[in-house]
Amino acid sequence: MYEVHRVREDFPVLKEVIYLDNAATTQTPVPVVEAMNEYFFRYAGNYGRGAHRLTRETTNRFEDSREAVARLLEAQPENIVFTRNTTESINMVAYGIEWEKGDHIVTTRIEHHSNLLPWMRLRKKGVSVTIVSPDASGVVPAGNVEAALTGNTRLVAVTQISNVFGSLQDVSAMSEAAHNVGAALLVDAAQSVGHMPVSVKELGCDFLAASGHKGLLGPQGTGLLYIKEPESLEPVYLGGGTVHSVTGDGYKLERPPARFEAGTPNIPGVIGMGRAVKYVIDAGITNIEQHVTSLARSTALRLREIPGVEVYGPEDRHGIVPFNVGTLNPHDVAMILDETRKICVRSGHHCAIPSIDFLGVEGTVRASFAMYSTAEEADLLVETVEQIARTLA
Ligand SMILES: Cc1ncc(COP(=O)(O)O)c(C=O)c1O
């Protein structure tokens, strides 16, 4: 088990605040920032272009990051595409498939808008979209997804861990059901990669989208898309880096993944993300999962005992604890937590309005944990919420 108090030395801002907004974005450790500094100060060049030493060094380090991500996900490097974030990765699939009128997509009511709106927009092209409901705790039973499948279903798009409920879906079972009707499966792994072991082989998915700036502790503006059969997807952007040859009549695309990475990418970001992957692997992903889930589960149980506090999500949640305090506005609760104890939590609809509507509330306060969160921080949160509930609610 890694030593939580020791890793905190790598995150200087944690000396200043109680940071419990990790589902939105995480803090970046010193070695990752140093890896990005090293790029700028020692070998900055463009990627994949030219023969001089700086461009070669840059290209090698960029590809090292791809290999690190591939190893993490049990994939091959040629199936990993670097993107700006989960949102871009999902949109690349939505735009990259050649949809036909009558095609059908199954998604769920617990999705982040980033895994919902791109599919809803396809209705304009005559694609139908079924939105499957979760159970009361925010878990989508695989059977509900299976029941929604038809002979026309081409894609099932589902989140592995809900950013509203912290619930884990049985993605492997959904994958099997989707494949039985000839549909592909896309996993939104924004809240799972880095927080728990995620293997594309075990999930049996066709696409997996994730961000570098959440569980992976990498920089903002980085993301990834795993594509099982890259030849089946049309690149959304074309231009420098994506073509093998061009004549006046047309062009021949580069082999994957280059065909999906048009233009100069976020090179320092990708190099930082590769270093971040090594950081979480060194800490041990199963250790991280155990630490984060046990903090979140015990916090949820204790918050639930406070009169007037309502906690949402399943008992076997991952690192996310959503709650409300009486009839107080969630933003007010978040402001008080910050003003009184420098506790940073998220409040509102969490870019998942259908989930919030499902709960029948205006929004929630959301505490979310990461590998560097401590039991003392959780104690302070519970204690402060208890005071707020006693005095204001
Ligand atoms: C489940 C889920 N999907 C997608 C996203 C979008 O991630 P990004 O903003 O990095 O694109 C988030 C962000 O919170 C999320 O929680």
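In each ligand, atom 1 is the first atom listed, and ligand 1 is the first ligand listed. Numbers for residues simply follow the sequence, beginning at 1.
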Looking at K214, R366, R346, which hits salt bridge (Lys or Arg N to Asp or Glu O under 4.0 Å) with D21? R366

Of the protein's non-hydrogen atoms, which lies at the shortest distance from atom 11 (O) of ligand 1, and what is that distance? T87 OG1, 2.5 Å

Under 4.0 Å to a heavy atom of A23 - the qualifying atoms of ligand 1, by number: 14 (O)

Just wondering, more than 12 heavy atoms not from E315 lying within 6.0 Å of its CD? no

For atom 12 (C) of ligand 1, what's the nearest protein heavy atom and its distance? H112 CD2, 3.2 Å

In this structure, atom 16 (O) of ligand 1 is nearest to the protein heavy atom Q191 NE2, 2.7 Å

Would you say K214 touches ligand 1, if touching means a heavy atom closer than 4.0 Å? yes

For atom 1 (C) of ligand 1, the option (of N85, D188, T222) bearing the nearest heavy atom: D188

Please determine which of V292, I18, T299, L295 meets the side chain to side chain contact (heavy atoms under 4.5 Å, CB included) test together with S373. L295

In ligand 1, the atoms that come under 4.0 Å of a heavy atom of N163 are 16 (O)

Value rounded to 0.5 Å, distance of OG in S162 from CG in L168: 10.5 Å

Under 4.0 Å, heavy-atom basis, I'd like to know which part of E111 is in contact with ligand 1: side chain, backbone, both or neither. neither

Element-labelled atoms of ligand 1 that are located less than 4.0 Å from some non-hydrogen atom of S211: 7 (O), 8 (P), 10 (O)

For the CD atom on E176, are there more than 12 heavy atoms of other groups (residues, nucleotides or ligands in this structure) within a distance under 6.0 Å? no

Could you tell me whether Y95 atom OH has more than 12 heavy atoms of other residues or ligands within 6.0 Å of it? no

Contacting atoms of ligand 1, where contact means under 4.0 angstrom from a heavy atom of T159: 1 (C)

What I want to find out is whether K15 reaches E9 closely enough, with some N-O distance under 4.0 Å, to be called a salt bridge. yes

Suppose we call two aromatic rings close when their centres sit under 6.0 Å apart. Are F11 and Y19 close by that rule? no

Report, in ascending order of atom number, the atoms of ligand 1 lying under 4.0 Å from any heavy atom of T86. 4 (C), 7 (O), 10 (O), 11 (O)

Ligand 1-proximal atoms of H350, by part, heavy-atom distance under 4.0 Å: neither

